[in-house]
Every structure is written in structure tokens, then in C-alpha cells.
Amino acid sequence: MAITGRTALIAALGALLVGFLLPGWTGLLAVELPLLLAILYDLGRAAPVRKLLFTRSGDTSVRLGDSAQVQLTVTNPSGRRLRADLRDAWPPSAWLPGAEVASSRHRLTVPPGERRRVTTFLHPTRRGDHRAARVTVRSYGPLGLAARQGSHSVPWTVRVLPPFTSRKHLPARLSRLRELDGRTSVLTRGEGTEFDSLREYIPGDDTRSIDWRATARQSTVAVRTWRPERDRRILTVLDTGRTSAGRVGDIPRLDAAMDAALLLAALAARAGDRFDLLAYDRQVRTAVQGRTAHDLLPALVSAMAPLESALIESDARGMASAVLRNASQRSLVVLLTGLDPSPVEEGLLPVLPLLTQRHTVVVASVADPRIEEMASARGTLDNVYAAAAAARTQAERRHTAARLRRHGVTVVDATPMELAPALADTYLALKAAGRL
């Protein structure tokens, strides 16, 4: 093991002092003195650490679950060859468990006046901004007996974006959207539809769709076809209060809600609808508004990446006020929040009439699949008690959902893997029914 500069200097001075004060040690000193002199020589020939220059390049963003590469360029301006071990330190969440040592440590040699580049591979396990800590360098002498050591601050940030795992459901929903959006026209007029074209009457068509003027100009009966109106507005609200901090399996509720919002946004953008996002607990944490279809998803994932749950009770009245301020025209308002009885009954239910009078409201919530497993478990006394508790929880959620529906709210209650496609299906059903 190499000796650092300060350790070598203290050892040399201590040995010389002992040799002068204790004559009986002169024989031992004669043996150790050449070694100590070699250590001091090695230390003196080691390249200075504090004069090293560092620059970074590489990835600045990555999706959760993917890996990122960050390059660190080391420039040696001194006249001595740099032989060094280098540690590029990042937060623990920037690595897979057990991978930090292999990924962050590098050995390099840099001749005088030259530069070398090393690459650090990151595999983040958490969403958000990951910032580089310090770069620590241990510079060895030519003999490898002693080393100089020092640290440098070399800033760099990698933003870890939501993974958007529900993207796999998009093709099937787009196919259904095309059936609604003019390729297979809707034959009934409803709120939020627009004229598409004329075609020949088929028995069974709604007689209210007959265009009598067009019929008078031709020999067959003509009917109007309608398609869902484009450029409708969707305002999605992510509840970032304490209930969103809970984990369902390995996924935080907030992350599952984000995934559902991303699928809905991708679908709405292809439908020509306007999609806005608010994140709210007791204040607006982030907002994405007025984006075009081209830059909507990049803006959403960038805004969602640093969001964290606040361990406070959400202010439902303040949330409703924020929605009314940001949605001046009739919109589809999607609240991604919990269905816990107390927060809903005391917070959300009293303010729902303010929203349902002006908007179509959907409440989407993340259900815990473990509750369903517990409800069906039997065999032991503990399992029976657990099943009873799970059945009570399910009954409370159903009761809460029923109370929301009585206020005209559409409720989507699904597990993390099912929430995104279920919410997308609800959006398509509303468009098909002419409610959007």
C-alpha cells in the first residue's frame, strides 16, 4: 500500500529523531533510512494534485432504468508524469447496488502537458437531478511507495427522467383514436363534435343527421357525419401531497401517476387536444402549459423529473382554485390523487361542485394490488385477520368512489400497471360519447 505525502514526512522525521536520541537504534536507522529516503524521493517525484485541471462532458439526461455516460478529462500541466488512482464520486442513487466501486474508480497515466479522458457509467435508481460530488485523485511517485492526494469539485448534473413504461400501450390506443377521429366517423351529434362529411343514408341512421338541403340536390338521402372536435383542453393535476409518497410495490404512487399522465398526454397530443399539467399540494410545484404537440412530452418529463412528494396534507380548496384559474374554458380535468376516505371526504368532496359545474372531472387513483391478494388469503388466523382488514379497505374505497360518482365524477381506480391504460381508455370513451 502506498504512503501518502503527510504520512511519509511524519514517518521520516520520527525515525530521524529516534535515531539521534537513542544511540542503540542506529543499526535499525541505518537499515530504514534508505527506505525513508526512497519514500521521500518518490513523494517529491509524484505529480502535484492541486494543479490538475478537469472538464466534464457527456449525458445530461437519462430515463430511469437506462444508463448514462459522463466523461471526465484530466489535464496535467506540471512537468511530472501523473500516475494516479481517481475516484469520481456521485450520490449512492446514481448506481445500481454494489456497482459504485467498479464504476467510479479509474487508474490513469498522464504525461506532462497532456490530457486523458475517463468515462464514468451511471445507472440511476431514482428519478430527479443527480449531481457529481468530488473528484479525488491519488498521485503516485515512480516507485509507487508514496502518493499525494487531493480532491476537486467538478460540477455536473444528470437529470433522471420518468421512464414512461406505459408507452407500450400507445399504439393500441392510437388505433382506437383513429376510429374516432374521422377515419370511422361518429354518426350521432353530441357535445364537442364537429361536422365531417356527407354520405348516403343507411337504414338505422339517426334521422336527425339527415341533411335535407343536400338530399334535395340529389337522388338519394344524404346524412351528415360527425367527428370529435379537436383542440379541446385537458388539464391534469398531480397531487404531490403526503398520500402520493406511499409506495405500491416498488413504485411510488407519484411515479405511477406520472406514467399515467404521460400516456394521456401522448394520446391527447395525437388527437389534436391541448394538454396542460399542474403539480399541486399546498402550492403549485410545477406547471406545463401551452406546449405544442411536438415539444409536449419533452417538457412534461423534464418538469416531472425533479418532483418529490411533500409530506403535508394537500389543500383541496387551493387545488380547485388553481384549476379554475388555469382552465377558463370548459375542459377535461383529471385529478391524479388518492381515494383515502378522510382526505376525499374532508377535502375534495366539498369543493367538487366548483369543478363539476364548469368542467368534466375524472379522478384517477393508484390501487394497491397487495390489498386484493390479502383479501383472498385464507388458511391461517393471521391471513384471516389480514383478509378482513383488506376487505374493509376495499369497501371504503368503493364507498368513496361511489360518493364521487354521485357528484358527476368519473372514477378510475387501478393498480400501477393498469392505471395508465385505464385512464387512456376513459379519455377515449369520453370522446366517443361526445363529452369532450
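Note that this is a predicted model, so its numbers are computed, not measured.
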Is the side chain of Asp59 donor-acceptor paired with the backbone N or O of Gln69 at a distance under 3.5 Å, no angle test?
-> yes

So which of Thr400, Leu339, Val362 actually passes side-chain contact (heavy atoms from CB on, under 4.5 Å) with Val411?
-> Leu339

Is there a side-chain contact between Arg131 and Pro155 (heavy atoms, below 4.5 Å)?
-> no

If only atom types and distance count, is the side chain of Arg173 paired as donor or acceptor with the main-chain N or O of Ala424 below 3.5 Å?
-> no

Leu254 and Glu308, any side-chain heavy atoms less than 4.5 Å apart | no

Rounded to the nearest 0.5 Å, how far does CZ of Arg127 lie from CE of Met258?
-> 3.5 Å

Check the pair Thr120, His106 against side chain to side chain donor-acceptor pair (under 3.5 Å), reporting the backbone distance first and the verdict last.
-> CA-CA 9 Å; Thr120 300; His106 309 275; 3.2 Å; yes

Measure across Ala261 and Met304 and return the closest heavy-atom pair with its distance rounded to 0.1 Å.
-> CB-CE, 3.9 Å

Give the minimum heavy-atom separation between Ala305 and Val160, together with the two atoms involved.
-> CB-O, 3.4 Å

Closest non-hydrogen atom pair, Asp259 against Phe164 = OD1-CA, 3.2 Å

Between Trp90 and Glu100, is there a donor-acceptor pair closer than 3.5 Å when you use the side chain of the first and the backbone of the second?
-> no

Do Thr157 and Asp129 have side-chain N/O donor and acceptor atoms under 3.5 Å apart?
-> no

Spatial distance of atom CG (Leu423) from atom CG (Leu428) [nearest 0.5 Å] | 10.0 Å

Is any side-chain heavy atom of Arg87 closer than 4.5 Å to a side-chain heavy atom of Arg134?
-> no

Flag, side chain of His359 to backbone of Ser331, donor-acceptor distance under 3.5 Å | yes

Ser244 side-chain N/O to Gly241 backbone N/O, donor-acceptor pair under 3.5 Å = yes

For the student: nearest non-hydrogen atoms of Phe121 and Ser103, plus distance | O-CB, 3.6 Å

Indicate yes or no: at least one non-hydrogen side-chain atom of Ser314 is less than 4.5 angstrom from one of Thr337.
-> no

Ala256 to Leu419 - nearest heavy-atom pair and separation = O-CD2, 4.2 Å

Rounded to the nearest 0.5 Å, the OG1 atom of Thr55 sits from the CG atom of Leu72 at a distance of 7.0 Å

Can you establish whether the number of heavy atoms outside Arg247 located under 6.0 Å from its atom CZ is more than 12?
-> yes

So CG of Leu86 and CZ of Phe54: to nearest 0.5 Å the spacing works out to 6.0 Å

Check ion pair Asp340-Arg242 (N to O, under 4.0 angstrom) = no

Verify, without hydrogens or angle tests, whether Thr125 (side chain) and Leu96 (backbone) share a donor-acceptor contact under 3.5 angstrom.
-> no

Just checking, any donor-acceptor pair under 3.5 angstrom between side chains of Thr136 and Ser151?
-> yes

What do you reckon, is CZ of Arg115 surrounded by more than 12 foreign heavy atoms closer than 6.0 Å?
-> no

Between CZ on residue Arg282 and CD on residue Glu313, distance to nearest 0.5 Å = 7.5 Å

Between the side chain of Arg159 and the main-chain N/O of Val62, is any donor-acceptor distance below 3.5 Å?
-> no

All side-chain hydrogen bond (donor to acceptor under 3.5 Å, both in side chains) counterparts of Arg80, not counting sequence neighbours | none

Output the distance between atom CD1 (Ile234) and atom CG (Leu277), rounded to the nearest 0.5 Å.
-> 12.0 Å

Validation row: Leu335, Val409 side chains within 4.5 angstrom (heavy atoms) | no

Answer yes if the side chains of Asp281 and Thr240 hold a donor-acceptor pair under 3.5 Å, and no otherwise.
-> yes

Are the side chain of Arg116 and the backbone N or O of Val110 linked by a donor-acceptor pair below 3.5 Å?
-> no

Nearest atoms (heavy-atom pairs only) where Ser139 meets Ala47 = OG-O, 2.8 Å

Contact check, side chains of Met319 and Leu278, non-hydrogen atoms, under 4.5 Å | no

Before giving the answer on side chain to side chain donor-acceptor pair (under 3.5 Å), spell out for Ser57 and Arg117 the whole-Å C-alpha distance, their side-chain angles and the decisive distance to 0.1 Å.
-> CA-CA 10 Å; Ser57 61; Arg117 177 181 295 174; 4.8 Å; no

